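Just so we're clear, the structure is a prediction, and the values are computed from it rather than from any experiment. Side chains included, hydrogens not; waters and symmetry mates left out as well; all remaining heavy atoms used.
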Amino acid sequence: MTARVTDTILLFDVDGTLTKPRQTIDPEVYSFLINEVKPKIMIGLVGGSDLEKILEQMGGKRALDDFDYIFSENGLVAYENGRLIGTESIQKFIGEEKLQRFINFSLNYMSKLVLPVKRGTFIEFRNGMINVCPVGRSCNQAEREQFGAYDKEHHIREIFVKTLKNEFPDLGLRFSIGGQISFDVFPDGWDKTFCLKFLEHIPKIHFFGDKIYPGENDHEIYEHSRTTGHGVTNPCETKSKIIQIISKMESGQ
């Protein structure tokens with residue numbers, strides 16, 4: 001393959017796909033993407049976190065220019081080649097009164113949970129979504145992993161989401177469990193498939209993600225008719241699948 005392919009993009013989730021949860025990308029993986037993959041094919045990121053957190057995990061603001069597309073908050077804040085091309089606001093969409101009702105209920109629910117530890121920042125308000133974190137986003141890495149293991153056994157987030165669905169059936173909200181410690185809340189249709197509206201001119205979209213099962217935050221885009229989904233469990237597996245795809249493209253398959 002001599003010329004860069006322009007009818008195909010490799011679109012990556014961040015946590016668990018290109019990095020360990022909330023960790024910075026391995027420099028070797030970053031170099032592979034930018035120096036070996038990008039010259040051959042377009043690359044993009046789509047994550048539920050806000051832009052600041054995604055750039056932090058990618059090693060800094062240079063990622064805005066290094067990636068063809070970066071979609072933070074599922075694409076509700078969208079960048080193309082370092083240029084802002086779209087934003088949405090959950091506050092304008094739902095309204096302040098309903099938002100406060102939801103936030104107050106969630107805080108009250110979490111106040112009654114007894115967990116191995118609790119820290120701070122239980123609700124994080126983003127442009128296009130609300131992130132709910134029972135243990136608190138200010139927990140350290142060891143506490144994050146401790147809650148992750150506890151949640152797998154006791155299903156804290158899953159039960160919480162079911163409670164919210166029953167309490168607010170009229171708000172038109174979707175709930176997506178991702179990562180180790182939290183879940184995202186956003187209007188129907190504002191999952192990761194939202195970013196596809198910015199890629200309508202690209203016919204072939206390969207999506208890589210680790211949370212691909214129903215109720216997890218990569219499921220909708222992984223299953224979408226416009227994407228070819230690739231389930232992965234870690235950055236090493238992601239790299240291996242990228243190599244396979246490029247090899248097939250170079251051989252004309």
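Counting heavy atoms from C-beta outward, N74 and K192 have side chains that approach closer than 4.5 Å. Side-chain contact between D210 and D15: absent, with no pair of heavy atoms (C-beta onward) separated by less than 4.5 Å. The side-chain heavy atoms of C139 and I181, taken from C-beta on, include a pair separated by under 4.5 Å. Between Q141 and Q180 the shortest side-chain heavy-atom distance falls below 4.5 Å. Two residues are said to be in side-chain contact when any heavy atoms from C-beta on lie closer than 4.5 Å; H155 and K162 fail this criterion. Put simply, the side chain of M110 reaches to within 4.5 Å of the side chain of I123, judged on heavy atoms. Inter-residue side-chain proximity for D50 and N127 is flagged as unmet; no heavy-atom pair is nearer than 4.5 Å. Here the side chains of P134 and L115 are in contact, with some heavy-atom distance below 4.5 Å.
Classified by interplanar angle (parallel below 30°, tilted 30° to 60°, perpendicular above 60°), the ring pair F147/Y150 is tilted. Classified by interplanar angle (parallel below 30°, tilted 30° to 60°, perpendicular above 60°), the ring pair Y30/F67 is perpendicular. In this structure, F183 and F160 have perpendicular ring planes: the angle between them is above 60°, well past the 30° mark.
Among all heavy-atom pairs drawn from I34 and D66, the shortest one is CD1-CB, 3.6 Å. The shortest non-hydrogen separation linking G75 to C195 is CA-CB, 4.1 Å. S72 and S49 get closest at one heavy-atom pair: CB-O, 3.4 Å. In terms of heavy-atom proximity, E73 sits nearest to G128 at OE1-N, 2.6 Å.
Under the 3.5 Å distance criterion, the side-chain polar atoms of R157 are matched with a main-chain donor or acceptor of S182. The main-chain N or O of R226 is found under 3.5 Å from a side-chain atom of H224 such that the two form a donor-acceptor pair. Looking at E220, its side chain never comes within 3.5 Å of a backbone N or O of D191 through a donor-acceptor pair. Between the side chain of T238 and the main chain of T17, a donor-acceptor pair closer than 3.5 Å is present. Formation of a donor-acceptor pair under 3.5 Å by the E216 side chain with backbone atoms of G178 is not found in this model. Of the possible polar contacts, none joining the S247 side chain to the I243 backbone as a donor-acceptor pair under 3.5 Å is found. Checking side-chain atoms of S31 against main-chain N and O of E28 turns up no donor-acceptor pair under 3.5 Å.
From F122, atom CZ reaches atom OG of S106 across 12.5 Å, with rounding to the nearest 0.5 Å. Note that the CG atom of D184 and the CZ atom of R174 stand 12.5 Å from one another [nearest 0.5 Å]. The structure places CD1 of I177 at 7.0 Å from CG of D151, a figure rounded to the nearest 0.5 Å. Residue I221 holds its CD1 atom at 6.0 Å from OG1 of T227, rounded to the nearest 0.5 Å. K211 contributes atom NZ, which lies 9.5 Å from atom CG of D13 (distance to the nearest 0.5 angstrom). Atom CZ in F125 sits 12.5 Å away from atom CG in N131 (nearest 0.5 Å).
Residues F102 and F168 bring their aromatic ring centres within 6.0 Å. A centroid separation of 6.0 Å or more is found between the aromatic rings of F207 and Y222.
With H230 as reference, H206 is the one residue of E237, K241, Q244, H206 to meet the side chain to side chain donor-acceptor pair (under 3.5 Å) rule.
Heavy-atom neighbours of F105 CZ from other residues, nucleotides or ligands within 6.0 Å: above the threshold of 12. The number of heavy-atom neighbours closer than 6.0 Å to NZ of K38, taken from other residues, nucleotides and ligands shown, is above 12.
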> Passes side-chain contact (heavy atoms from CB on, under 4.5 Å), Q91 versus L99? Steps please.
Replying inline: CA-CA 7 Å; Q91 182 180 9; L99 271 180; 3.9 Å; yes
>> Go through it in stages, so that I can follow the logic: the residues are L199 and L11, the test is side-chain contact (heavy atoms from CB on, under 4.5 Å), and I'd like the CA-CA distance, side-chain angles, deciding distance and then a yes or no.
In response: CA-CA 10 Å; L199 304 176; L11 188 61; 4.2 Å; yes
>> Between Q100 and I103, does the side-chain contact (heavy atoms from CB on, under 4.5 Å) criterion hold? Intermediate values first, please.
In response: CA-CA 5 Å; Q100 285 200 35; I103 291 171; 5.6 Å; no
> How far apart are the C-alpha atoms of K118 and L113, what are their side-chain angles, what is the distance that settles it, and do they pass the side-chain contact (heavy atoms from CB on, under 4.5 Å) test?
Replying inline: CA-CA 9 Å; K118 274 188 181 179; L113 290 175; 4.1 Å; yes
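With respect to the salt-bridge test (charged N to carboxylate O, under 4.0 angstrom), the residues D68 and R4 qualify.
Cation-pi geometry between K239 and F32 is met: the NZ or CZ atom falls under 6.0 Å from the ring centre, inside 45° of the normal.
If you chain together hydrophobic residues whose side chains sit under 4.5 Å apart, L51 and I130 never meet in one group. In the hydrophobic clustering of this structure, F12 does not group with L76; members are Ile, Leu, Val, Met, Phe, Trp, Tyr whose side-chain heavy atoms approach within less than 4.5 Å, directly or through other members. Both M58 and V29 are assigned to one and the same hydrophobic cluster, defined by single-linkage of ILVMFWY side chains at heavy-atom distances under 4.5 Å. When hydrophobic clusters are built by joining Ile, Leu, Val, Met, Phe, Trp and Tyr residues whose side-chain heavy atoms come closer than 4.5 Å, directly or via intermediates, L196 is not grouped with L84. One hydrophobic cluster holds both W190 and L173 under the rule that ILVMFWY side chains link at heavy-atom gaps under 4.5 Å.
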